[in-house]
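All remarks here apply to the structure that follows.
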Amino acid sequence: MRLRPGQHLRRNADFGAVREQGRRTDCGAFLLTWRVRPAAGPARVGFVASRAAVGDAVHRNRAKRRLREIYRKHQNLVPPSLDLVLTARAALLRLAYADVEARFIQVCQKLTPTKAPSDV
RNA sequence: UUUCGGAGCCAGAUCUUCGCUCCGCGUUCUUUGAACCAGGAGAGGAAAGUCCGGACACCACAGGGCAGGAUUCCCACCGAAAGAGGGGGCGCGGCGCUUCAAGGCGCCGUGACGGACAGUGUCACAGAGAAUAGACCGCCCGGUUCGACUCGCCGCAAGGCGGCUCGCUCAGGGUAAGGGUGAAAAGGUGGGGUAAGAGCCCACCGCGCCGAAGGCAACGACGGCGGCACGAAAAACCCAAUCCGGUGCAAGACUAAAUAGGGGACUCGGCGGCCCGUCGGACAGUCCCGGGUUAGUCGCAUUCCGCGGCGCUGGCGCAAGCCGGCAGCCCGGAAAGGUGCGCCUUCGGGCGCGCCUAGAGAAAUGAAGAUCCGCCGUCGCUCAAUACGGCGGCUGACAGAAUCCGGCUUACCGGCUUCGGAACUAG
RNA sequence: GCGAGCGUAGCACAAUGGAUAGUGUUGUGGCCUCCGAAGCCAUCGAUCCGGGUUCGACUCCCGGCGCUCGCA
């Protein structure tokens, strides 16, 4: 299962839109934010790891790689036309990889386009 | 063998599966291009801090002065350059030898190491006195008064007068040896000398000045002169000498797209501090408000060669095989740049050998599993264990390229090589 | 990535290189009050870290650490 460049969020405006209009779920190790995109297409994702929450460059990189790998494996659980932002939290690197993976699978149950806000 | 220190090197290994960024043979689709995909490459010694220097880019071809900043013993060394490296000099500290001592010599360590008669300012508290030194105690001289002792004279006596010596008090003066204060008290030690003392005089040492063998130089063996004049601090301002134009890849160039040649204030503008000077010019420019675009490419990631090997692949052939292709890796070679070591040099550099050349853009180098290695914990064996074996655990040090290179600084579990010191054991 | 600036009690700020680093507020204890507030008195509490210069450093110099800001 591949993760292509077109499925990445790259613009600052995209991140801002998700952060302002999306819904949030705290999963302990990470914060999941998502919104329904007006234009149709495959789901897109962005990863955030701040210096304050995670630490130095080594840990920021490792946190984003973990989140990217988990999303890549289980991206079939995410409906299309969604924009996601996964924000790493301090506990992410303290937990085992399999534990974080299980939390992601669990939270994907909530992701349905019909339950998303329709006023976007 | 253990331990300490210096220098250099390494920074877990192998395999399988699934992925990421870049380069991409080939295939397919509609040429541009897109999709799939064989194969290949893919973090560091510090990639970090951004403390110095350079390359490169733009501002005018980088001009003059002022301001500002940087540097500061010397160098025939090294380097593109630097505040880097190397060597030397001098000072300071430690150890050893020597000396009565001061001192001298050797080894090791260490030093932001120009200038304090160019100038301005500072040295709190304590202390008598702190930079034109200073007399509190003490020591010495000492007039007067007083007292003691004694001598002489006068007097019958009480006593008076005068003198020597000593003491006390107080004027006055000498003295920087000693006490005490302080971070620092204006050369030290010894002797002479003196009323007491003092470089007042002498010897040695220190210091200053002059000369000087030697050395490129800093410096200086040695000699002479000077009785001492010269406190600290320039990481206070400052002075001298030397150097520096500014900004930094978010530099900057191009393409595409978009917009209202809009409103207000000020003014010739550029050469990002100021003046000169110069260039451009009568266009416009600067600041504020409002609005639009806030996308892509380049900068920017060594180049090339081989009837070589590996690998992949096209065509032909039943097949062996034959004829081709070559992006990548390996090997060999060449060139460019960089770097380390060594050698040569006419000081400009040159030669030889070894090594290196990854490149994103919300930003690649990851995940899982297995084995080995390492570390930690625990149990067993054992007299006891750091040795051996079993089990469990592990972000397996510090840490992630962002234009590139050199130096510095800081972080760091360990391992290997080598050199030096110390201790122990054996020969 | 490149470039500027800052760091003093819990908080907001002072302090020519020189008594025991000061002021307000907060905290603690006491007085006052029937109780509390206010007020009064007392008290605890700090120079980001490590070196250096100096007789002496919050101050001057160097190196770290942390924080803030600017740059298409």
Side-chain angles (χ1 to χ4, degrees):
Chain A
M1 190 77 69
R2 299 187 53 180
L3 187 62
R4 301 197 172 280
Q7 298 167 259
H8 280 188
L9 288 180
R10 290 187 187 273
R11 304 289 185 76
N12 192 32
D14 293 334
F15 278 84
V18 174
R19 193 175 287 122
E20 286 184 18
Q21 303 168 10
R23 301 187 56 176
R24 273 183 212 100
T25 302
D26 189 351
C27 304
F30 57 92
L31 188 71
L32 175 64
T33 314
W34 79 93
R35 71 150 189 163
V36 178
R37 195 168 62 246
R44 301 189 302 178
V45 67
F47 305 95
V48 174
S50 76
R51 187 181 185 83
V54 182
D56 59 22
V58 173
H59 295 95
R60 289 203 300 277
N61 276 341
R62 186 174 297 139
K64 289 165 93 168
R65 283 168 185 155
R66 277 191 158 189
L67 292 175
R68 195 182 299 120
E69 177 68 13
I70 289 167
Y71 178 83
R72 187 185 65 79
K73 274 188 175 177
H74 305 287
Q75 58 183 303
N76 54 340
L77 300 174
V78 179
S81 298
L82 253 62
D83 281 349
L84 312 187
V85 170
L86 294 169
T87 305
R89 316 203 64 182
L92 177 66
L93 295 176
R94 289 200 298 269
L95 295 171
Y97 174 83
D99 192 6
V100 180
E101 190 176 18
R103 285 167 186 263
F104 181 78
I105 294 169
Q106 190 181 4
V107 78
C108 280
Q109 310 291 325
K110 300 183 182 176
L111 290 176
T112 54
T114 53
K115 286 187 179 176
S118 57
D119 57 340
V120 183

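Chain naming here is simple, since letters A, B, ... match the order of the sequence lines and numbering starts at 1 in each.
- Ring-base stacking between A:F15 and B:rA362 is satisfied, the centre separation being under 5.5 Å and the plane angle under 30°.
- Distance CZ (A:R60) to P (B:rG366): 17 Å, rounded to an integer number of Å.
- Residue A:D56 places its side chain closer to B:rA399 than to any other of B:rA363, B:rA399, B:rG366.
- Side-chain contact between A:E69 and A:R66 is absent, with no heavy atoms from C-beta onward closer than 4.5 Å.
- Heavy-atom minimum distance, A:A63 versus A:A88: CB-CB, 4.0 Å.
- Atom P of B:rA397 sits at a distance of 13 Å from the matching atom of B:rC375, rounded to the whole Å.
- In this structure B:rA80 sits in no base pair that meets the Watson-Crick or G-U test at under 3.5 Å.
- Nucleotides B:rA402 and B:rU386 place their C1' atoms 47 Å apart, quoted to the nearest Å.
- Atom pair A:K64:NZ and B:rG400:P shows a separation of 14 Å (rounding to whole Å applied).
- Here the separation of B:rC275 from B:rA67, taken at their P atoms, is 16 Å to the nearest Å.
- Nearest nucleotide to the side chain of A:R68, out of B:rG400, B:rG366, B:rU365: B:rU365.
- Taking atom C1' in both B:rG414 and B:rC404, one finds a spacing of 33 Å when rounded to whole Å.
- B:rC139 and B:rC161 are spaced 37 Å apart, taking the C1' atom of each and rounding to whole Å.
- A:K64 and A:F47 get closest at one heavy-atom pair: CE-O, 3.7 Å.
- Nearest nucleotide to the side chain of A:R62, out of B:rA363, B:rU395, B:rG366: B:rU395.
- Taking atom CD1 of residue A:I105 and atom C1' of nucleotide B:rA367, one finds them 14 Å apart after rounding to whole Å.
- Rounded to whole Å, the separation between the C1' atoms of B:rG115 and B:rC73 comes to 13 Å.
- Of the side-chain N and O atoms in A:R65, one or more sit less than 4.0 angstrom from OP1 or OP2 of B:rU365.
- With a cut-off of 3.5 Å on both Watson-Crick or G-U wobble distances, the partner of C:rU59 is given as none.
- B:rC92 and B:rG109 make up a base pair, with Watson-Crick or G-U wobble contacts both under 3.5 Å.
- Distance check, rounded to the nearest 0.5 Å: CD of A:Q106 to CG of A:L77 gives 12.5 Å.
- Between A:R19 and A:H59, the residue anchored nearer the 5' end of RNA chain B, judged by the nucleotide with its closest heavy atom, is A:R19.
- The listed nucleotides are B:rG400, B:rA368, B:rG366; the one nearest the side chain of A:N61 is B:rG400.
- Of all heavy-atom pairs between A:V107 and A:L32, the closest is CG1-CD2, 3.8 Å.
- At whole-Å resolution of the value, NE2 in A:H74 and C1' in B:rA367 are 11 Å apart.
- Under the Watson-Crick and G-U wobble criteria, each requiring two contacts below 3.5 Å, nucleotide B:rG272 is left unpaired.
- For the P atoms, the distance linking B:rG106 with B:rC222 amounts to 13 Å, nearest Å.
- Taking the P atoms as reference points, B:rG111 lies 34 Å from B:rC230, given to the whole Å.
- Base orientation of B:rG45: syn (glycosidic angle within 90° of 0).
- When both pairing distances are held under 3.5 Å, B:rU425 makes no Watson-Crick or G-U pair with any nucleotide shown.
- In this entry the distance linking CG of A:L9 with P of B:rA363 reads 9 Å, nearest Å.
- Taking the O4'-C1'-N9-C4 or O4'-C1'-N1-C2 dihedral as appropriate, B:rG96 has a value more than 90° from 0 and is therefore anti.
- The shortest distance between side-chain heavy atoms of A:Q7 and A:V45 does not fall below 4.5 Å.
- Although no hydrogens or angles enter the test, the distance criterion places a donor-acceptor pair under 3.5 Å between the side chain of A:R24 and the main chain of A:R19.
- The side chain of A:R72 approaches B:rC18 more closely than any other nucleotide in the set B:rA363, B:rC18, B:rG400.
- Contact record, A:V18 with A:R35: CG2-CG, 4.0 Å, taken as the closest heavy-atom pair.
- Across all strands shown, B:rG190 forms a Watson-Crick or G-U wobble pair, both distances under 3.5 Å, with B:rC202.
- A:I70 places its CD1 atom 12 Å from the C1' atom of B:rA368, with the value rounded to the nearest Å.
- Computed from coordinates, the A:F47 CZ to B:rC20 C1' distance equals 12 Å when rounded to whole Å.
- When both distances must be under 3.5 Å, the Watson-Crick or G-U wobble mate of B:rA253 is B:rU297.
- Base orientation of B:rA43: syn, the glycosidic angle falling within 90° of 0.
- Residue contacts shown for A:R66 are absent, as no nucleic acid heavy atom lies under 4.0 Å away.
- Pair assignment for B:rA320 gives none, since no Watson-Crick or G-U wobble pairing has each distance under 3.5 Å.
- For C:rA19, the glycosidic angle deviates from 0 by 90° or less, giving a syn base.
- Between the NZ atom of A:K73 and the P atom of B:rA367 there is a distance of 11 Å, given to the nearest Å.
- In this structure, A:L93 reaches the bases: a heavy-atom distance under 4.0 Å links it to at least one base atom across the strands shown.
- For B:rG188, the glycosidic angle deviates from 0 by more than 90°, giving an anti base.
- Among the protein residues, A:H8 comes within range of the sugar-phosphate backbone only, with heavy atoms under 4.0 Å from sugar or phosphate atoms but none that close to a base.
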